[in-house]
Protein chains: 2
Amino acid sequence: MTEVQQRNEEDIYNSIKQAILQHKLRPNTRLIEKELAKQFKVSRTPIRNVLRRLAYEKLIKIIPNKGAIVICPSIEESKQILQIREVLEAAAIRQVCRNITEEQIEEIKSVIEEEQAANAKGDLFESLDLSLGFHYKIAELTGNQYYYRYLEELISLVYVIVSFYGSRQVFSGWQDHFKLLDLIKERKEEEAERFMAEHLREVAEGIFFEEDFSISLGDVFK
Amino acid sequence: MTEVQQRNEEDIYNSIKQAILQHKLRPNTRLIEKELAKQFKVSRTPIRNVLRRLAYEKLIKIIPNKGAIVICPSIEESKQILQIREVLEAAAIRQVCRNITEEQIEEIKSVIEEEQAANAKGDLFESLDLSLGFHYKIAELTGNQYYYRYLEELISLVYVIVSFYGSRQVFSGWQDHFKLLDLIKERKEEEAERFMAEHLREVAEGIFFEEDFSISLGDVFK
DNA sequence: ATATTATAGATTGCATACAATCTGGTACGC
DNA sequence: GCGTACCAGATTGTATGCAATCTATAATAT
């Protein structure tokens with residue numbers, strides 16, 4: 001394991017979060033304060049702060065006096081996450097339709113074009129990442145920081161869920177995103193909201209919840 | 001200032017949060033770690049954890065190397081909070097209409113009756129508190145912990161906003177709550193959702209954002 | 001052989017000392 | 001008199017030691 005330069009709390013938070021999202025730290029992995037402290041060349045204090053923050057965002061679970069483990073939402077909880085995300089993001093795109101400027105439309109467009117390019121290159125991980133970009137952009141353009149705050153959290157969790165349970169499709173496609181952009185351009189609130197909800201429901205229905213995951217429980221205390 | 005028995009982190013969190021919600025700790029009050037540590041008879045360590053959590057919930061603001069102060073959302077931010085709360089709580093009551101049991105209907109009823117009783121007694125603070133009870137209950141009965149999580153946070157912020165800016169009405173009334181309960185009973189999703197949105201918009205429109213608050217800035221370093 | 005207890009090691013929780021940073025005031029120079 | 005630089009006190013940020021708790025192993029009794 002290679003060690004890294006000393007970094008501040010925010011950097012450490014981002015590193016660990018990215019590692020979880022990219023499945024480098026998989027569910028049930030124990031996160032031991034001392035080890036992380038050594039890795040990041042800091043004391044346990046800032047590590048503990050970062051772990052608490054990640055626990056707050058439900059990416060890890062802290063069990064008092066026992067420690068922190070990476071988690072994936074249960075099937076039931078995953079469905080809750082997908083459901084509320086649909087509600088929030090559908091409302092978000094409606095909001096975006098109302099206030100959007102020409103300049104912002106271009107911003108969205110370039111985000112989707114990046115996604116499209118990565119997809120053409122065939123880089124699966126990159127196109128998955130960039131597909132999130134569109135959704136973050138929608139959250140951002142509501143101009144309401146709470147949409148961004150909650151949707152960022154929920155989308156991260158969906159990312160973990162998709163990685164963990166597996167999904168039928170290569171995440172949400174740029175074709176749908178272009179369609180949504182068109183609807184935004186034309187200020188078709190209702191239709192955009194409905195199409196977004198549909199788009200997200202397809203993602204949700206593509207996840208393999210039905211499979212038996214009891215086998216992977218063997219990893220718990222490995 | 002009276003000192004209190006030593007308590008655990010969760011208790012300390014609740015104490016400070018309640019103090020903020022009840023306006024005992026008002027916006028712009030500085031929260032100094034050492035003083036809080038002395039009050040609660042613990043070291044600064046658990047206090048720092050609590051402060052970070054409160055900052056995450058936007059009840060206080062931590063400025064690096066400077067400290068923590070109690071905050072109230074700006075007018076612009078308050079409007080964002082009220083808007084997203086409307087979206088989430090309207091969706092929540094729709095959800096509740098779908099899955100509710102007879103037993104749960106009784107639970108809601110008794111919550112509203114408590115509210116009604118406090119209102120009759122004329123205890124303003126208590127009826128304000130209990131009026132929140134109805135909204136928490138709705139969030140709870142969605143059966144989706146994320147509704148609860150986000151709505152609890154948003155409702156707390158609305159509480160702070162109402163206390164700070166002032167409001168035309170004595171918060172949301174039990175009459176409307178009974179009306180909503182009826183709609184839930186009859187499983188009228190659409191109507192319940194619309195009425196809830198309306199109910200919350202009335203609360204929002206009753207807040208005195210238009211007033212000039214530059215005067216209250218005099219309290220800053222009192 | 002199985003179940004139970006004892007114990008050592010590892011890990012987290014908390015308190016505290018010290019370093020870094022910020023604030024406010026004072027002295028100095030212009 | 002005005003502005004700048006500096007210093008002292010206060011406060012936060014970080015590291016670390018020790019206590020409390022938990023885990024896993026091994027020894028003992030049945």
Side-chain angles (χ1 to χ4, degrees), chain A residues 1 3-16 19-20 25-71 217-222, chain B residues 1 3-16 19-20 25-71 217-222:
Chain A
M1 257 218 265
E3 288 181 355
V4 295
Q5 271 300 333
Q6 181 177 343
R7 294 192 251 171
N8 64 31
E9 220 171 277
E10 187 70 14
D11 285 337
I12 295 170
Y13 162 78
N14 283 320
S15 294
I16 299 180
I20 294 172
L25 288 173
R26 285 189 253 159
N28 298 319
T29 307
R30 282 193 66 182
L31 298 177
I32 289 160
E33 297 175 358
K34 213 162 111 185
E35 288 178 9
L36 291 169
K38 196 177 166 192
Q39 279 297 313
F40 291 105
K41 290 198 203 298
V42 292
S43 76
R44 283 170 50 214
T45 309
I47 297 294
R48 301 189 98 239
N49 292 333
V50 167
L51 291 181
R52 278 168 174 274
R53 184 167 164 195
L54 290 167
Y56 201 87
E57 294 173 7
K58 304 269 185 192
L59 289 171
I60 70 173
K61 180 171 185 174
I62 294 177
I63 301 161
N65 283 313
K66 288 189 62 179
I69 59 169
V70 179
I71 53 168
L217 288 177
D219 296 340
V220 176
F221 296 108
K222 76 134 197 319
Chain B
M1 256 219 266
E3 287 180 356
V4 295
Q5 271 302 332
Q6 180 176 342
R7 293 192 251 172
N8 65 30
E9 218 170 280
E10 188 69 15
D11 285 337
I12 296 170
Y13 163 77
N14 283 320
S15 295
I16 298 180
I20 293 172
L25 286 173
R26 285 189 253 156
N28 298 318
T29 308
R30 283 193 64 181
L31 298 177
I32 289 160
E33 297 175 358
K34 212 164 111 186
E35 289 178 10
L36 291 169
K38 196 177 166 192
Q39 279 296 313
F40 290 105
K41 291 197 202 297
V42 292
S43 75
R44 283 170 51 213
T45 309
I47 298 293
R48 301 190 97 238
N49 293 332
V50 167
L51 291 181
R52 277 167 176 274
R53 184 166 165 197
L54 291 167
Y56 199 87
E57 295 173 6
K58 303 270 186 195
L59 290 171
I60 70 173
K61 180 172 185 175
I62 294 177
I63 302 162
N65 283 313
K66 288 190 63 180
I69 58 169
V70 180
I71 54 169
L217 289 177
D219 297 339
V220 177
F221 294 109
K222 75 135 199 325

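Chain letters run A, B, ... following the sequence lines, proteins first and then strands; every chain starts at 1.
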With B:R53 via salt bridge (charged side-chain N to carboxylate O under 4.0 Å, His left out) - residues at least two apart: B:E10, B:E57
Between P of D:dA15 and CG of A:N49, the distance in whole Å: 11 Å
Gap between atoms CD and C1', on B:E35 and D:dT12 respectively (whole Å): 13 Å
Separation of D:dG13 P from A:E10 CD (nearest whole Å): 14 Å
Sugar-phosphate only, base, or nothing, as touched by B:I47 at under 4.0 Å among non-hydrogen atoms: nothing
Nearest-angstrom distance from the residue atom CD of B:E9 to C1' of C:dA15: 14 Å
CD1 on B:I12 to CG on B:N8, rounded to 0.5 Å: 7.0 Å
C:dT23 OP1/OP2 closer than 4.0 Å to side-chain N/O of B:K66: yes
Between C:dT12 (P) and A:K38 (NZ): distance, integer Å: 15 Å
Touch class at under 4.0 angstrom, heavy-atom based, for B:L31 against every strand present: sugar-phosphate
Nucleotide nearest B:R48 when distance is taken to its side chain, options D:dT12, C:dT12, D:dA15: D:dT12
Closest to the B:I32 side chain, choosing from D:dA15, D:dT14, D:dT11: D:dT11
Non-neighbouring partners of B:N49 that pass side chain to side chain contact (heavy atoms under 4.5 Å, CB included), sequence neighbours left out: A:N49, A:R52, B:E9
From C:dA15, C:dT16, C:dG13, nucleotide with atom closest to B:V42 side chain: C:dA15
Close approaches to DNA chain C from residues 56-65 of chain A, in residue order (heavy atom, under 4.0 Å): A:P64, A:N65
Residues B:L51, B:L36; criterion side chain to side chain contact (heavy atoms under 4.5 Å, CB included); working and verdict: CA-CA 10 Å; B:L51 291 181; B:L36 291 169; 4.2 Å; yes
Counterpart residues, side chain to side chain contact (heavy atoms under 4.5 Å, CB included), relative to B:K66 (two or more places apart): B:I63
Phosphate OP1/OP2 of C:dA15 contacted by B:S43 side-chain N/O (<4.0 Å): yes
Side chain to side chain contact (heavy atoms under 4.5 Å, CB included) against A:L25, all qualifying residues, sequence neighbours excluded: A:I16, A:A19, A:I20, A:T29, A:L31, A:V70
Interatomic distance where NZ belongs to A:K34 and C1' belongs to D:dT16 [whole Å]: 12 Å
d(CZ, B:R44; C1', D:dT11) in whole Å: 8 Å
Separation of atom CG in B:L51 from atom P in D:dG13, rounded to whole Å: 10 Å
Which nucleotide in C:dT12, D:dT12, D:dT14 has an atom nearest any side-chain atom of A:T45: D:dT14
Residue list, side chain to side chain contact (heavy atoms under 4.5 Å, CB included) with B:T45, at least two apart or on another chain: B:S43
Closest listed nucleotide, where the reference is the side chain of B:P46 and the choices are C:dT12, C:dA15, D:dT12: C:dA15
